[in-house]
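Working notes, beginning with the structure itself.
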2 protein chains.
Amino acid sequence: MAQRGTKRGNARVQLVDTALDLFDRHGFHAVGIDRILSEAGLAKMTLYHHFDSKEALIVEALAKRDAAFRAQFAAAIAGAGAGRAELLAMFDAIEAWTREPSFRGSLFDKAAAEYGEKDHPVKKAVLAHKAWLFGEVRRAAAASGAADPVKLAAELFLLVEGAVLAAAVTGDRSAARRAKAAAETLIAAAL
Amino acid sequence: MAQRGTKRGNARVQLVDTALDLFDRHGFHAVGIDRILSEAGLAKMTLYHHFDSKEALIVEALAKRDAAFRAQFAAAIAGAGAGRAELLAMFDAIEAWTREPSFRGSLFDKAAAEYGEKDHPVKKAVLAHKAWLFGEVRRAAAASGAADPVKLAAELFLLVEGAVLAAAVTGDRSAARRAKAAAETLIAAAL
DNA sequence: TCGGTGTTAGACAGGTCCGTCTAGCACGAT
DNA sequence: ATCGTGCTAGACGGACCTGTCTAACACCGA
C-alpha cells in the first residue's frame with residue numbers, strides 16, 4: 001500500500017494523476033474506481049469526498065491534462081516568431097510530444113471514442129480542448145499573411161489531428177515530421 | 001422479443017450486425033453481451049455457440065466492417081482513372097461517408113482507443129485495416145507521377161485520417177472537402 | 001411417425017462495477 | 001493535554017459483467 005498522504009489535500013492530486021495514467025493506458029470504461037484507488041493507495045470515501053462520481057473524476061482528469069497540454073504547447077512555440085514560423089513550431093511541438101516514450105495518443109481522442117453523446121460532460125471537455133487547439137492554429141494562421149487564413153488553419157488542423165492519430169494508432173513516430181513537410185507546402189501555396 | 005430466426009444460421013449475422021451497431025454507438029467496453037443479445041432477441045448460448053468469447057465477436061464485427069468499408073471504398077473510386085484522379089476520388093469517398101447520417105466515426109479508431117496493447121487481437125485488426133487503407137493511397141500515389149510517391153501518400157494519408165477524426169469528434173461534415181482541397185495542393189506540389 | 005441433430009432459453013456462478021455506509025483515524029486549535 | 005473537525009478505512013449493497021450449465025426446443029431424413 002502506498003504511504004498515505006503526508007499532507008492534507010494530496011489525495012486529490014494523487015487520485016487525478018493515477019486516474020490519468022490508468023485511463024490513458026487502458027481506457028475509461030475499462031478502468032474501475034477500485035483499480036484507481038488500489039493503485040493510488042486510497043479508499044473509496046476519499047474519492048467520493050472529493051468527487052461526486054467517476055464521471056466527475058474523468059472530467060477533472062481531462063481538465064488537468066488539458067491544462068498541461070496547453071502549457072507545454074505554449075512553451076514549445078514561445079520561441080518562434082509569429083505567423084509561418086509559429087505554425088511550423090506547432091508541428092515541432094507535436095513531433096516532440098509524439099516522440100516522448102510516454103506518448104500514448106491524445107486522451108481527448110480516446111475520450112471522444114468512448115463518450116460520443118454530444119451533451120455528455122466528457123464529450124464537452126473534448127470539444128473545448130479541440131476548439132482551443134484549432135483556435136491556436138487559426139490565430140497563428142491569421143498572422144501568417146495567408147490569403148485565406150481560416151482555410152489554411154483548417155487544413156493544417158487536419159494535418160495535426162492526422163499526425164497525432166497516426167502516431168497513436170500505428171506508432172508511426174515520424175508522422176508529425178511528415179505533417180510538417182506537408183504544412184510547409186500548404187503554407188507556401190496559401191501566401 | 002424479436003422473432004426468432006426463421007432460417008438456421010441467421011442468428012450469427014443478426015448477432016454481428018447488432019453488435020456492430022451497439023459498439024459503434026456506445027463503445028466496446030460499455031456494451032455488454034447481455035445488451036447485444038437482448039437487442040438481437042437471442043440467447044446467451046447462441047452467442048457462445050458461434051463465438052468463443054466477446055472478444056471473438058468484436059474481431060468478427062470489425063472484420064465485417066472492414067470488408068464493407070473496402071467494398072464501398074472500391075466502388076466509390078472505381079469510376080475515377082488512375083493517379084491524381086483516383087487520389088481525389090478517395091477524398092470524395094471519405095466525404096460521402098462522413099456525410100452519411102449514420103456516420104459515427106471510424107470504428108477502428110474507436111477500437112484502437114479502447115484496445116491499445118500491440119498484441120491484442122482487436123488492435124491487430126485495426127492495424128490491418130489501417131495498413132490496407134494506406135496501401136490504397138500509396139498505390140494511387142505511385143500512379144500519379146509524383147517525384148516521391150511514398151512521401152505524397154504519407155501526407156495524404158494524414159489528411160484522410162485527420163478528416164475522418166475531425167468529422168467524428170467535432171461533427172464537422174466539411175472536413176473531408178477541405179482535406180481534398182489540401183490534397184490538391186500537395187499533389188500539385190509533388191509532381 | 002419416430003429418432004437424431006443442431007440450435008435455443010433461461011437459470012446460475014464468480015467476479016467486478018459504482019456508490020454508500022459506519023466507524024474511527026490524524027490533525028489543528030485551545 | 002484535550003477537544004473538535006476534516007478526512008479516511010474497509011465492509012456492504014444492488015446491479016451488471018462474462019461465461020457455463022441443464023433442459024428442451026424445432027427441424028431433418030427415414
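Note: hydrogens, waters and symmetry copies are ignored here, and every other heavy atom, side chains too, is used. Here is the naming used below: chain letters follow the sequence lines, and residue numbers restart at 1 for every chain. Just so you know, these numbers come straight off a predicted model, no measurement behind them.
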Worksheet item: Heavy atoms, side chains only, cut-off 4.5 Å: are B:Glu136 and B:Ile77 in contact?
Response: yes

Response to the item:
Minimal heavy-atom distance between B:Glu184 and B:Leu88, with the atoms involved, is CG-CD2, 3.5 Å

Worksheet item: Rounded to the nearest Å, what distance is computed from the NE2 atom of residue A:His49 to the P atom of nucleotide C:dC21?
Response: 16 Å

Worksheet item: Which whole-number value in Å describes the distance from B:Met45 CE to C:dT5 C1'?
Response: 15 Å

Discussion item. Restricting to ring pair (Phe, Tyr, Trp, His ring centres under 6.0 Å), what partner residues turn up for B:Phe108, sequence neighbours left out?
Written reply: B:His129

Worksheet entry | Spacing between A:Leu37 atom CG and D:dA11 atom P, to the nearest angstrom | 14 Å

Worksheet item: Closest to the A:Leu42 side chain: D:dA9, D:dC7, C:dT8?
Response: D:dA9

Item to complete: Could you pull out all residues at least two apart from B:Tyr48 that satisfy ring pair (Phe, Tyr, Trp, His ring centres under 6.0 Å)?
Response: none

Worksheet item: Run the salt bridge (Lys or Arg N to Asp or Glu O under 4.0 Å) check on B:Lys110 and A:Glu114 step by step: do they pass?
Response: CA-CA 7 Å; B:Lys110 296 179 187 177; A:Glu114 293 202 46; over 6 Å; no

Item to complete: Output all residues satisfying side chain to side chain donor-acceptor pair (under 3.5 Å) with A:Asp92, sequence neighbours left out; order by chain, then residue number.
Response: A:Lys180

Expected rows: protein N/O vs nucleotides 14-18 of chain C N/O, under 3.5 Å:
| residue | atom | partner | partner atom | Å |
| --- | --- | --- | --- | --- |
| C:dC18 | OP1 | A:Lys54 | NZ | 2.8 |
| C:dC18 | OP2 | A:Ile33 | N | 2.7 |

Fill in: Nearest-angstrom distance from the residue atom CG of B:Asp52 to C1' of D:dT18
13 Å

Fill in: Atom-pair distance (CZ on B:Phe51; P on C:dT8), nearest Å
12 Å

Worksheet entry | By ring pair (Phe, Tyr, Trp, His ring centres under 6.0 Å) - contacts of A:His29 (at least two apart) | A:Tyr115

Worksheet entry | Relative orientation of the end axes in the helix from C:dT1-D:dA30 to C:dT30-D:dA1, expressed as an angle to the nearest 10° (five pairs per end) | 10°

Worksheet item: Under 4.5 Å between any side-chain heavy atoms of B:Val16 and B:Phe51, yes or no?
Response: yes

